[in-house]
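These notes concern the structure reproduced below.
These figures come from a predicted structure and were not determined experimentally. Note: hydrogens, waters and symmetry copies are ignored here, and every other heavy atom, side chains too, is used.
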Amino acid sequence: MSTGLSFTLSEEQQAFRHSIRQLAEDKIAPRAAEIDEADEYPWDIDELLVKNGFAGVSYPEEYGGAGGGALELCILVEEISRVSGGVALIPAVNKLGAIPVLLAGSDDMRKKVCTGIMNGDHRMSYCLTEPGSGSDAAAMRSRAVKDGDSWILNGSKRFITGAGASDLYTYFAVTDQDAPKGKNITAFLISKDMPGFSLGRKEDKMGIRGSPTREVIVEDVRVPAENVIGEVNGGFQIAMRTLDFSRPTVAAQALGIAQGAFDYAVGYCAERKQFGRPIAAFQGMQFMFADMAMKIETARMAVYRAAVAVDTGAKDVSYWAAIAKCYASDVAMEVTTDCVQALGGYGYIKEYPVERFMRDAKITQIYEGTNQIQRVVLARQIFGKLS
C-alpha cells in the first residue's frame with residue numbers, strides 16, 4: 001500500500017496482520033473483560049507485546065525500533081482493538097508520546113526512546129491537555145523558566161493517558177509569556193524520577209479501562225536544557241504536527257472497536273432464534289448489518305489512506321488524518337450502538353462484550369481532538385482561513 005491509490009496490503013503486511021490477530025485472539029481476548037472490570041494496567045499483556053516484537057512497530061530501525069510505519073501501527077492497533085480498546089492504547093500512547101521526539105528530538109533522545117520502548121524499558125505519555133485548556137491547547141498555563149543550563153517547570157496536565165504506567169513524558173509549557181499565543185510554547189522530555197514530578201488521582205472512566213488516565217503535576221521540576229525537544233518556543237507546532245500523525249492511530253482504534261462489535265453481533269444473530277428462525281434471517285436485521293458493513297469498510301479505507309499520507313510525508317496529511325479520525329470514530333459509535341441493539345437485552349449485560357465496545361467507542365470521538373475540532377480542521381483545509 002505504497003500510494004494513496006492502492007487498496008491492497010503487501011504479503012508482508014498481511015502476514016503481520018495475521019500474527020497480531022492471532023496473538024490478540026489467543027492472549028488478549030481472554031483477558032479483556034477482566035481488564036475492563038479491574039481497571040488495572042495489564043503489565044502481562046504489555047510484556048507480551050514487547051516479547052513478541054510488537055512494542056517497537058513503527059519506530060525507525062536506525063534508532064533501535066522494529067521498523068514499519070504508520071500503516072503498520074494502524075494495523076497493530078486495529079487488530080488489538082477488535083478484542084480490547086484499552087489494551088490497544090499500550091502501543092498507541094507510547095507512539096503518541098514518542099512522536100515529538102521523532103519529529104524534532106536529538107539523535108540521542110530518539111535512540112533512548114525508540115530502543116527503550118522496543119525492549120520495554122520505557123513507556124511514554126503525551127502531556128498537552130490542562131484543566132482549563134482542551135481544544136484551545138495554546139491557552140495552557142504550564143510555565144517553564146530558564147535557570148542557568150536548566151528549565152524550571154510548574155503546572156499540571158489533565159486526562160493524560162498512560163500516566164502512572166509511563167516513566168517518560170512529553171510535556172508542553174509556555175516559555176515566553178510575552179510572545180504571541182502559540183509561538184511561546186516549548187516541548188520537554190521529562191521523567192517520573194525528576195524531583196517535583198507527581199501524579200493526581202486516577203480517573204474512573206466509562207471505557208478504555210485498564211489504561212490509566214491521570215493528572216500529571218510538575219512543581220519546580222528542573223529539566224536539563226538537553227531535554228528540550230526541538231526549538232525553544234517551537235513546541236506548539238510540534239504538538240499540532242504530532243496530532244496529525246497520531247490521529248490515524250485513534251481512527252484505527254475506532255475501526256477495530258467497530259469491527260470487533262460487528263463480528264460478535266454477526267455470530268450472535270446467526271445463532272439467536274426468534275419466531276422459529278435465526279434473527280439474522282429477518283430483512284430488517286440484514287439491512288442493519290449491511291449498513292454497518294458499508295460504514296466499517298469505508299472507515300477502513302479512510303484510516304489506511306491517512307496512514308499512507310503520514311508514511312509518504314504528504315502535504316495534506318492534516319486533511320486525511322482529520323477525515324479518518326472523525327469518520328471512523330463516528331462509525332464506531334454508530335456500529336457499537338447498533339450491535340447492542342441487535343443483541344437486545346443481552347447487549348446491555350456485561351457478560352456480552354458489545355456493551356464494552358460501545359463504552360470504549362465513545363472516547364474516540366473526544367480525544368486527540370474532538371470531532372467538532374476535526375470538522376474545523378477540515379473546513380480550514382477546504383476554505384482556508386477566511387477573515
Rounded to the nearest 0.5 Å, how far apart are CD1 of Ile323 and CH2 of Trp320? 5.0 Å
Compute both the distance and the angle, then confirm whether Lys192 meets the cation-pi test with Tyr169: under 6.0 Å from the six-membered ring centre, within 45 degrees of the axis. no
As an exercise, state the distance from NZ of Lys146 to OG1 of Thr186, rounded to the nearest 0.5 Å. 10.5 Å
Where the side chain of Asn154 meets the backbone of Arg143, is there a donor-acceptor pair that is under 3.5 Å apart? no
How long is the straight-line distance from OG1 of Thr161 back to CD of Glu203, given to the nearest 0.5 Å? 10.5 Å
Could you check if a side-chain atom of Gln253 sits within less than 4.5 angstrom of a side-chain atom of Ser81, using non-hydrogen atoms only? yes
Rounded distance (nearest 0.5 Å) linking atom CG of Leu199 with atom CD1 of Ile160: 10.5 Å
Side chains of Lys350 and Glu37 in contact at under 4.5 Å (non-hydrogen atoms): yes
So that I know where these two stand, are Phe357 and Tyr264 an aromatic pair - ring centroids less than 6.0 Å apart? no
How far does CD1 of Ile363 sit from CD1 of Ile208, to the nearest 0.5 angstrom? 5.5 Å
Under 3.5 Å, is there a donor-acceptor pair between the side chain of Thr115 and the main chain of Lys112? no
Hey, are the side chains of Val317 and Arg241 touching, using non-hydrogen atoms and a 4.5 Å cut-off? no
Contact check, side chains of Leu153 and Phe197, non-hydrogen atoms, under 4.5 Å: no
Are Glu62 and Arg110 close enough for a salt bridge, meaning some N to O gap below 4.0 Å? no
Examine Lys157 relative to Tyr171 and say whether NZ or CZ is less than 6.0 Å from the centre of the six-membered ring and inside a 45° cone about the ring axis. yes
Would you mind reporting whether Thr370 and Gln374 have side-chain heavy atoms less than 4.5 Å apart? no
Close side-chain approach of Leu9 to Ile75, heavy-atom, < 4.5 Å: yes
Should Cys127 and Thr170 count as side-chain neighbours, where that means a heavy-atom distance under 4.5 Å? no
Check: Asn94 side chain, Ile90 main-chain N or O, donor-acceptor pair, under 3.5 Å: yes
Nearest 0.5 Å, please: how far is CE in Met292 from SG in Cys339? 4.5 Å
So, do Gln381 and Ser318 sit near enough that their side-chain heavy atoms are less than 4.5 Å apart? yes
